[in-house]
Protein chains: 4
Amino acid sequence: MFSDSPNNPSASPPECWTAREAELLAVTLRLLQTHGYDRLTVEAVASEAKASKATMYRRWPSKADLVLAAFIHGTKESAVAPRTGSLRGDLLAIGASVCQSLREHTSTMRAVLNEMSHSSALSAAMQDNFVHHRNVLMNEVLCEAVERGEIDAGVINPEIWDTLPGYLVFRSMVADRPPTEETVSMLVDEVLLPSLQRTRS
Amino acid sequence: MFSDSPNNPSASPPECWTAREAELLAVTLRLLQTHGYDRLTVEAVASEAKASKATMYRRWPSKADLVLAAFIHGTKESAVAPRTGSLRGDLLAIGASVCQSLREHTSTMRAVLNEMSHSSALSAAMQDNFVHHRNVLMNEVLCEAVERGEIDAGVINPEIWDTLPGYLVFRSMVADRPPTEETVSMLVDEVLLPSLQRTRS
Amino acid sequence: MFSDSPNNPSASPPECWTAREAELLAVTLRLLQTHGYDRLTVEAVASEAKASKATMYRRWPSKADLVLAAFIHGTKESAVAPRTGSLRGDLLAIGASVCQSLREHTSTMRAVLNEMSHSSALSAAMQDNFVHHRNVLMNEVLCEAVERGEIDAGVINPEIWDTLPGYLVFRSMVADRPPTEETVSMLVDEVLLPSLQRTRS
Amino acid sequence: MFSDSPNNPSASPPECWTAREAELLAVTLRLLQTHGYDRLTVEAVASEAKASKATMYRRWPSKADLVLAAFIHGTKESAVAPRTGSLRGDLLAIGASVCQSLREHTSTMRAVLNEMSHSSALSAAMQDNFVHHRNVLMNEVLCEAVERGEIDAGVINPEIWDTLPGYLVFRSMVADRPPTEETVSMLVDEVLLPSLQRTRS
DNA sequence: TCATAAGCGAGACGGTACGTCGTGTCTTACG
DNA sequence: CGTAAGACACGACGTACCGTCTCGCTTATGA
């Protein structure tokens with residue numbers, strides 16, 4: 001499905017699209033949200049953007065590549081560390097940010113997910129561009145909380161520190177019960193903080 | 001994509017397939033896990049099962065309907081309450097069960113997810129047949145723990161009580177970091193139990 | 001296409017249909033004239049006649065057999081020697097009779113023609129049941145004319161004595177210029193009679 | 001069956017096919033002669049010609065259109081006025097030419113005939129491209145004979161002047177008794193010439 | 001200033017899956 | 001037992017999309 005370049009797996013694409021390319025990706029994103037992956041056709045994107053299929057395929061060798069690029073393009077601007085000054089504030093900020101991303105890109109993410117099974121490149125890209133960013137954020141926030149003395153360093157467990165974004169993603173993508181601000185605050189106050197603030201066993 | 005009957009959205013399909021139909025769904029499931037949604041062809045399923053395309057389409061009006069039916073068929077038998085006697089044991093059992101389901105049906109679930117955007121019927125079916133079952137399980141387990149006096153009734157919050165299955169699903173489907181037994185035990189011991197056993201605020 | 005029984009090519013079918021079977025053939029004939037061979041479906045015939053497909057196929061092993069039987073059934077009643085008392089009258093009567101048959105069964109004949117390429121049985125049946133009957137008629141009429149002394153026996157040429165019906169068939173089936181009574185009289189008066197009444201070379 | 005454009009029934013198609021298109025039609029014609037209309041599949045034509053179904057359907061919107069085009073393509077090159085110098089020679093030449101066409105295209109013509117019932121376009125095309133050409137030929141030949149003084153202008157009757165090709169077609173397509181050279185000479189010598197050379201009544 | 005090239009739109013192409021429909025066989029249940 | 005009803009395997013139909021490819025046409029530089 002994807003155009004893997006096995007000889008060059010780690011070569012990250014330029015990802016610095018020209019204005020025209022950004023426009024193509026924007027159209028892709030819009031149609032993707034409107035119609036979903038299966039009903040999205042490269043031809044429709046090209047037609048909508050007054051481009052030709054050759055132009056599309058010159059940049060993104062397959063439909064899946066195009067969708068991935070569109071997804072990355074549409075999500076890369078978020079994910080900046082909140083720095084609210086308190087662990088609770090940071091967690092709430094991260095939760096709000098994740099909720100925002102999810103609201104806009106649920107359909108796209110589902111499409112990308114569907115293709116991850118077949119493309120290690122896509123899977124990796126998804127990790128790097130969405131999951132990993134949130135992880136880094138969580139890590140930063142927790143480390144700062146340690147520095148501030150809010151929590152003990154020992155309670156930070158890489159295996160599960162992304163419970164917050166993870167659960168929110170689940171709620172939005174799988175459970176069809178999109179998370180609200182209240183969801184975030186409950187998760188933070190009733191699950192995460194009690195867990196993080198317990199005395200180390 | 002799906003054959004919605006808009007006038008009758010809540011009519012649940014019979015879902016009591018004959019042996020032959022179960023066989024067709026089993027073949028579908030196998031090919032789905034092997035090749036993924038996009039590369040799955042109805043003709044291949046029919047051919048593999050020595051059936052004809054007409055037979056497939058008579059039952060499931062489209063490829064997406066077929067995949068949904070196969071998913072439901074493949075996941076509906078699990079999800080029985082564990083009854084280990086302790087909250088921790090129950091939670092670990094649920095976690096293990098979810099992990100098992102996920103290992104087998106990741107690709108299928110991704111395909112179904114992808115289509116949920118466009119079909120309320122599919123979305124509802126997914127909720128009923130996968131998410132809701134786990135929720136009911138969690139609820140039962142927690143209620144029993146309350147009866148046993150292990151936890152306070154007040155800490156049970158419907159908004160977030162499916163954090164356990166939710167996060168596991170996220171790990172498997174989105175984060176491409178499939179959960180292990182260790183993941184489950186950490187989540188239970190370091191997050192859920194501390195949260196549930198805290199004194200009510 | 002046809003159910004040839006190669007070991008038994010000359011076995012003529014019973015052709016003595018029951019009332020029910022005649023009804024089925026009548027329905028076939030009607031649908032054939034309405035929709036043509038390609039658009040005729042055995043299922044439609046069965047449905048129209050409140051019969052089942054099995055009933056149809058039990059009698060006529062294929063669609064082509066059915067159509068052939070319907071054609072024979074619909075044309076076998078005509079073709080009786082005219083005996084008008086004069087060669088000219090007989091020829092005009094034959095011409096009129098052929099025109100009548102053609103008007104009713106053009107579509108059917110075309111359908112049967114189309115299948116003749118693939119079935120010697122059908123081809124033979126067409127010869128026996130349509131072409132040959134007209135030939136016998138022509139022969140009788142000409143012989144009687146010889147007996148009456150209207151023409152010389154030597155001018156009767158088996159190779160071409162069916163020019164009259166042959167040309168009329170051509171006009172109706174191929175040339176899409178259906179023959180009229182005038183066509184017949186012109187052919188008789190300006191071509192056939194001059195040819196038949198010439199002195200033997 | 002056919003793609004009639006009812007608003008534009010008399011618009012003759014370009015009929016100036018490219019080399020590639022001629023090749024596709026040639027393959028069609030060959031398979032048609034080999035297997036007949038019913039057993040001809042568009043996919044087989046495409047496969048044989050290393051083309052795709054889309055390419056076929058882009059040009060000829062249905063199987064019937066394809067067959068018609070192939071028939072026209074395969075028969076349009078013949079039918080040139082013979083000019084042997086005598087009426088008898090011309091008639092024999094026309095007869096031979098018709099016999100030749102029929103030998104090659106019997107199956108195709110039967111298929112086209114079968115479809116004429118449902119498509120005025122096809123019917124018209126058949127007239128223009130096969131029947132009419134022979135008629136024009138006959139007319140030319142007869143007029144030249146008049147100029148040469150061989151026959152009287154009055155004996156030429158448009159209603160029946162195509163008796164020669166008509167009867168030959170009947171013999172080949174309907175009577176399953178393909179005309180031979182002898183058939184032609186008998187028809188010419190014993191029927192047509194006596195008729196044409198008679199003194200006007 | 002013009003030509004040579006590079007990128008573009010348009011869209012035909014080979015391929016392949018879709019979903020529909022008709023044939024001819026078969027089974028089931030009714031009378 | 002024959003029949004009506006209709007499921008079934010098979011396979012062709014005609015449609016749509018993917019990814020490749022050729023065309024001209026426009027620009028944008030280099031002589």
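By convention in this document, chain letters (A, B, ...) are assigned in the order of the sequence lines, proteins followed by strands, and residues within each chain are numbered from 1.
Using a 4.0 Å cut-off between charged nitrogen and carboxylate oxygen, B:Arg110 and B:Asp176 count as a salt-bridge pair.
For the pair B:Ser52 and F:dA9, the criterion of a side-chain N or O lying under 4.0 Å from OP1 or OP2 is met. The phosphate of F:dG2 (OP1 or OP2) has no side-chain N or O of C:Arg58 nearer than 4.0 angstrom. Between D:Arg20 and the phosphate of F:dT22, there is no side-chain N or O to OP1/OP2 separation shorter than 4.0 Å. At E:dG9, one or more side-chain N or O atoms of A:Thr55 fall inside 4.0 Å of OP1 or OP2 (strictly under the cut-off).
Remark: P of F:dG11 and NZ of D:Lys63 are 15 Å apart, rounded to the nearest angstrom. In this structure, CG of C:Leu66 is placed 15 Å from P of E:dG22, rounded to the nearest angstrom. Note: CG (A:Leu40) to C1' (F:dC18) measures 12 Å, nearest angstrom. Between D:Trp60 atom CH2 and F:dC13 atom C1' the separation is 17 Å, expressed in whole Å. Distance D:Asp38 CG to F:dG11 C1': 14 Å, rounded to the nearest Å. Here the P atom of nucleotide F:dA12 and the CG atom of D:Leu31 are 13 Å apart, to the nearest Å. Rounding to whole angstrom units, OH of residue A:Tyr57 and C1' of F:dT20 are separated by 10 Å. Following rounding to the nearest Å, B:Arg39 (CZ) and F:dC18 (P) show an atom-to-atom distance of 15 Å.
The residue D:Ala46 sits apart from the nucleic acid: no heavy atom pair falls under 4.0 Å. Across all strands, A:Lys50 comes closer than 4.0 Å only to sugar-phosphate atoms, never to a base (heavy-atom distances). Contact annotation for C:Glu43: base contact, defined as any heavy-atom pair under 4.0 Å involving a base atom.
Applying the 3.5 Å distance criterion, the base of E:dG24 shares a donor-acceptor pair with the side chain of C:Lys53.
Comparing C:Ala54 and D:Met56 by the nucleotide of DNA chain E whose heavy atom lies nearest to each, the residue mapping closer to the 5' end is D:Met56. Checking B:Arg59 against A:Thr41, the closest nucleotide of DNA chain F that is more toward the 5' end is the one next to B:Arg59.
Around CD of C:Glu23, the count of heavy atoms belonging to other residues, nucleotides or ligands within 6.0 Å exceeds 12.
At least one donor-acceptor pair closer than 3.5 Å links the side chain of D:Thr28 to the backbone N or O of D:Leu24.
Here the closest heavy-atom approach between residue B:Leu40 and residue B:Lys63 is recorded as O-NZ, 2.7 Å.
Looking at heavy atoms from C-beta onward, B:Leu32 lies out of side-chain contact with B:Phe71 at the 4.5 angstrom threshold.
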